[in-house]
Q: 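One structure, pasted below without further comment.
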Amino acid sequence: MIFVLFGVSLIVFYLTHGIPSAWDPVTAYITPKMTASQIQAIRVQHGFNQPIYLQYFYWLRDVLQGNWGHAGNEASGFPVSQVFAMRFPFTVELATVGTIMTVGLGIPLGIISALKNNKLPDHASRIFALTGYSTPSYWIGFVLQLVFFYYFAQWGLPSLPSHGALSQVLDGTVPLVTRMPIVDGLLAGNLGYAWDGLLHVILPAFTLAFISLGYLARIVRASMLEVLRQDYIILARSKGLRERVVIYRHALRNALIPAATLTGLFLAGLLGGAVITEYIFSWPGVGQLSLSAVFAGDANFVAYYTLVTALIIVVANLVVDVLYIYLDPRIKY
Amino acid sequence: MSGKRTRESQARTEELRYTLHQLFRNPLVVLGLILSVFFIFLSIYVTKIVSPAQFANPLGLQPLLLGSLSVDPSIFLNIAIYGGIAYIIQRMYDNKWATIGFLAVVFVVLYTPIPQQLWIVNPDGPNQVDFTQKLCWSNSLINWGTQSTPCPAASHYFLGTDDYGRDLFMMILMAIPLDLAIALEIVIISTAFGVFLGAVAAWSGGKVDEILLRITDIFFAFPGLILALVLAAVLGRNITTLTIAVLIVWWPTYVRLIRGQILAEKSKNYVEALRSLGLSSKRILFLHILPNSIYPILVQCTLDIGGVILTFSALMFLGFSPSPALPELGNLASSGVTYFFQAPWLIFFPGATIVVISLAFNLIGDGIRDVLDPRLRR
Amino acid sequence: MSELQRESAQALLEIQDLRVDFTTYAGKVKVLNGVDLKLREGEIFGLVGESGCGKSVTALTVAGLLPENSEIVSGKILFKGEDLLKKSSNEMRETRAVRVAMIFQDPMTFLNPVLTIGTQLTESIDVRYGKEISSGWRPPGAGGEPGAAAHSGRTGGREKKRILNKMAVEALKKVRLPDPERLLKSFPHELSGGMRQRVMIAMALARNPDLLIADEITTALDVTIQAQILELLRALRGELRSTIVVITHDLGVVAEVCDRVGVMYAGDVVEVAAVDELFAKPLHPYTQGLLHAIPIVTGGNERLESVRGTVPDLIHPPPACRFNPRCPHAWDICSKEKPPLLSETEGHFVACHLYRKEKP
């Protein structure tokens, strides 16, 4: 695992700091008014003219010491860690709700597909799942906004908000503990606040869920089908157990193990920031910020963002492995 | 190789027939097949009408779907590729009719002359700018509401126009072949590269395998889109560089896949038997193990065509396209964002096209995967 | 009463002309070709035959556990007079819960790996006695205060669980498993093969079924464990009221435990007799061939005899008597008319034209 992280840091560094033609590291430190010689001086001061491996070493040292620099311009931007702290909770909220929706919709879909294998419900749910899998997130997000925000309002129906995580009027009416609107609202006992947060998160979360539930449903279906062919299912039926008990107690406990690990990985991926979805819905999360950072040429922020997301995924893999051992009593570590 | 059918190829044909039989029992796969064939033929048709020069050129090569009777480099490429596939078919199934049939289909598809006067595709359509017709919509299915203007009844726009008055339908028609060609190229190249690398590494085992595994682990630690984003930012904004960016993100999947397959095959008895017959490692790997491991790769390729289109168009959508006029589905959607509520069709139709194309290939891939799952066979 | 009537009066299970087909990609497999069988109450009946002859399929049909691609073409299965084939799937489920229990071959794959032994055992008991326990019934000697519980009528969840666990422990004790309380908490992979098999037997026993079907239960075990399991079966037979069907391809097992035995070949029952009678005087050519093929350890170095030919393809089976291609005594009529299962001597039935009263 260390090796992987090391390799990740290498790649991240090289991509963001190692190619001066693409991302000149100096830009974070200069103002438009500086002369060429001043810029050169800054270059020397920060060591940007040194061989690449030395630069990498210094950068790595900075990373590990927690010295993460600033987002945007070094002088005027906020520290990266602070920026993260401000935005990450929103991404967490979106990721969590999105995962809950994916699981809540995907698993039943997969089970139905397996139980009615090759019949109409199977085909219907597979088309639905595959359509989701084939949809670009900007398209489905857009369609949802169009229908539920725009046209609902036009047709006089209650509409769902399509931008941001919270209505602006409510800003600051509740003490910020976790910075997640729903959680903060509940903690403060302000249900209206929490409800507003929930309304805001529904559409983007559903966008994420729509795309991913297909894959999850497919995995659930495949493992259900495999489990249902097992001998212990025959024994369970021979005991005279009701079919429902056979499925819930015997089949699902086995079939959902791969789905559980997949969900863990999926959540980790979302925590990295669903860039396109956040962009479409103006969701104030980390992903949206990274997008603007990339276009603004903010190499520093992009580097740390990529590093963090990779770290999340590596850790998640580890957690998921442990989870698997816990779920399947056959495996001894 | 003599002309008679070997037992091996007979067995393979039987296996193929069983697979196809199972496959076609699934109506979704049939639907997917129809749709994908439709899109492929549409692309070929469109590219024959429109001159190749109007397409941006990924990797500097002509996309595989283009064919032309004038002598240009693409003809040699086509011969190489289709000849190679024909050779593989002949070796696997030992049936000259299968090979001849395949070549005949290729020839017909690529070289049949198609009349230029069919009205539906106007080669200059996408570039015709007509400001008097800007931002109007025109289709009989969806009424976009009162804030947008419908096109005049006499005009020939099918889906509407964008802010420059360009015909959306034409642009989508031009974008489909481009996207398909790019997707095919990326999938083929990353498959070839990943499979080759992974096969060699898995087969040799030891340190080489270790190292390659770690490298793929590193790539897998990045969420795909983010890596593609960073790469695109570094490499620049043209089709070639974006193709390379997506390629870099994509190839590790195949390495892992083929590695799993080869490791499983390596321990099987027939490998030992072949070795004791004196076959060299290279022959065993390429002539016996690879053909047996091909099916999961095939599944992944089919599914990846949809995935690549999604990723590539996402990059374009986010703003990495070389020019706003490039006929590419993601790019078209991106220019529609500014007119989000005014002209929803600008995002809706390109996006819907992506959905349908991806869906077509995904249906096939999913169907194949179902049929090939060794646990569910027979 | 005629012999036939006496037979019927004591018959627990009667299978009449059962025909079952399986649909596969390669074609329709005619697995059961008109199986006739009668089981008396309280006996241990052995069902022998080669792999693929239809013994398991017969058992699964009785239990109503056939897979989806199967089709019961015709026949009757009379269980205490009721035709099982006419029952709905829900009724069959009830029948399985209360009356028919099955034990299977490979206890590793037949026990759910993620559930504890306790869970799987108690659910078996629950499905049989659950309702009774809830309404205040107590099994004899299971403890608890019968007086108090009987008064209150309904038994709560925790009390019920306690009783179920107690009954489970009793069942495990009956199959001679040590430390039953700890076993309840263990997982199947923590047990040895023989122990797992005993657990499966316990699961079936605890339900006190009328009919117990043991499908190749010793096949996956080594010889010493096999002997223990068979001994267990013999010992339990006195306690149980059940009729036991032992399905096996091993004639040795049959000789060990069974009272009567039926021989199956390619979907037909070809001979039924008491065990001693069958071994002493096999009538059907197939049975004769089987018995001759058993190597005798104490005998001289003779060549191993076997029945010539191979098991037929059930998609295109031989016409009429399915054994006729391999039979050393085959006549013309053997490929034209299927021989019915008739009584040759008292209690000894055979399906072969050799024994027709009127020669053709």
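Predicted, not measured: the structure shown is a model, and the values here were computed from it. Lettering of chains follows the sequences in order, A, B, ..., and the numbering in each one begins at 1.
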Q: Of all of B:A314, B:A360, B:A352, which one pairs up most often with chain A through heavy atoms under 4.5 Å apart?
A: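 Looking at each option in turn, the highest pair count goes to B:A352.
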
Q: Which residue in the set B:L231, B:I215, B:I218 passes side-chain contact (heavy atoms from CB on, under 4.5 Å) when paired with A:I11?
A: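 Between A:I11 and the candidates, side-chain contact (heavy atoms from CB on, under 4.5 Å) is satisfied uniquely by B:I218.
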
Q: Under 4.5 Å, counting heavy-atom pairs only, tell me which of B:G336, B:G306, B:G319, B:G32 racks up the most with chain A.
A: B:G319

Q: Side chain from CB out, backbone as N, CA, C, O: work out which of these in B:F222 comes under 4.5 Å of a heavy atom of chain A, or both, or neither.
A: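 Both backbone and side chain of B:F222 come within 4.5 Å of chain A.
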
Q: With a 4.5 angstrom heavy-atom cut-off, which part of B:L363 approaches chain A: side chain, backbone, both or neither?
A: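 Contact with chain A involves both backbone and side-chain atoms of B:L363.
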
Q: Please state whether the side chain, the backbone, both or neither of B:S334 comes within less than 4.5 Å of a heavy atom of chain A.
A: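 Contact with chain A: none, neither part.
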
Q: Using non-hydrogen atoms and a 4.5 Å limit, figure out which bit of B:I354 sits close to chain A: side chain, backbone, both or neither.
A: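 Backbone plus side chain of B:I354, per the 4.5 Å heavy-atom cut-off to chain A.
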
Q: Is chain B contacted by the side chain of A:Y305, its backbone, both, or neither, given a heavy-atom distance below 4.5 Å?
A: side chain

Q: Counting only N and O atoms by type, is there a donor-acceptor contact under 3.5 Å from the side chain of A:W139 to the main-chain atoms of B:F348?
A: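 Yes.
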
Q: Taking atom OH of A:Y215 as the centre, does the number of heavy atoms from other residues, nucleotides or ligands within less than 6.0 Å exceed 12?
A: no

Q: Of all of A:L311, A:I127, A:V143, which one pairs up most often with chain B through heavy atoms under 4.5 Å apart?
A: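 Of the candidates given, the most pairs with chain B belong to A:I127.
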
Q: Taking side chain as everything from C-beta outward and backbone as N, CA, C, O, which of these in B:F361 sits under 4.5 Å from a heavy atom of chain A? Side chain, backbone, both or neither.
A: neither

Q: For B:A333, is it the side chain, the backbone, both or neither that has a heavy atom under 4.5 Å from a heavy atom of chain A?
A: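 The side chain, not the backbone.
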
Q: Evaluate side-chain contact (heavy atoms from CB on, under 4.5 Å) for B:D217 paired with A:V314, printing each intermediate quantity in order.
A: CA-CA 9 Å; B:D217 276 343; A:V314 171; over 6 Å; no

Q: Answer yes or no: are there more than 12 heavy-atom neighbours, outside A:K119 itself, under 6.0 Å from its atom NZ?
A: yes

Q: If you look at every heavy atom in B:I226 and A:G272, which pair is closest and at what distance?
A: CD1-O, 3.9 Å

Q: Return the minimal non-hydrogen interatomic distance between B:V230 and A:V302, and the atom names on each side.
A: CG2-CG1, 3.8 Å

Q: Which region of B:I357, side chain (C-beta onward) or backbone (N, CA, C, O), has a non-hydrogen atom less than 4.5 Å from a non-hydrogen atom of chain A, or is it both or neither?
A: neither

Q: Checking heavy atoms, do the side chain of A:I280, its backbone, both or neither come under 4.5 Å from chain B?
A: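 For A:I280, the contact with chain B is made by the side chain alone.
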
Q: Select one option (side chain, backbone, both, neither) describing which atoms of A:Y133 are under 4.5 Å from chain B's heavy atoms.
A: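 Both backbone and side chain.
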
Q: If you count heavy-atom pairs under 4.5 Å with chain A, which of B:P350, B:P223, B:G330 comes out on top?
A: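 Between B:P350, B:P223, B:G330, the count favours B:P223.
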
Q: Between B:I309 and chain A, which part of the residue has a heavy atom less than 4.5 Å away: side chain, backbone, both or neither?
A: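 Interface part for B:I309: neither.
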
Q: Atom CG in B:L225, atom CD1 in A:I276: separation rounded to 0.5 Å?
A: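 So the CG of B:L225 and the CD1 of A:I276 are separated by 5.0 Å.
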
Q: Side chain, backbone, both or neither: which part of A:L291 has an atom under 4.5 Å from a heavy atom of chain B?
A: side chain

Q: Rounded at 0.5 Å granularity, tell me how far CG in B:N362 sits from OG1 in A:T131.
A: 9.5 Å

Q: Which atom pair, heavy atoms only, marks the closest approach of A:V8 to B:A221?
A: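 Distance-wise, the nearest heavy atoms are CG2-CB, 3.9 Å.
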
Q: Say you draw a straight line from OG1 of A:T135 to CG of B:L359; how long is it, rounded to the nearest 0.5 Å?
A: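 Result: 8.0 Å between the selected atoms.
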
Q: Counting only heavy atoms closer than 4.5 Å, note whether B:L310 contacts chain A via side chain, backbone, both or neither.
A: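 When you check distances to chain A, only side chain atoms of B:L310 fall under 4.5 Å.
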
Q: Looking at every non-hydrogen atom in both residues, tell me the closest pair between B:S313 and A:Y138 and how far apart they are.
A: OG-OH, 3.2 Å

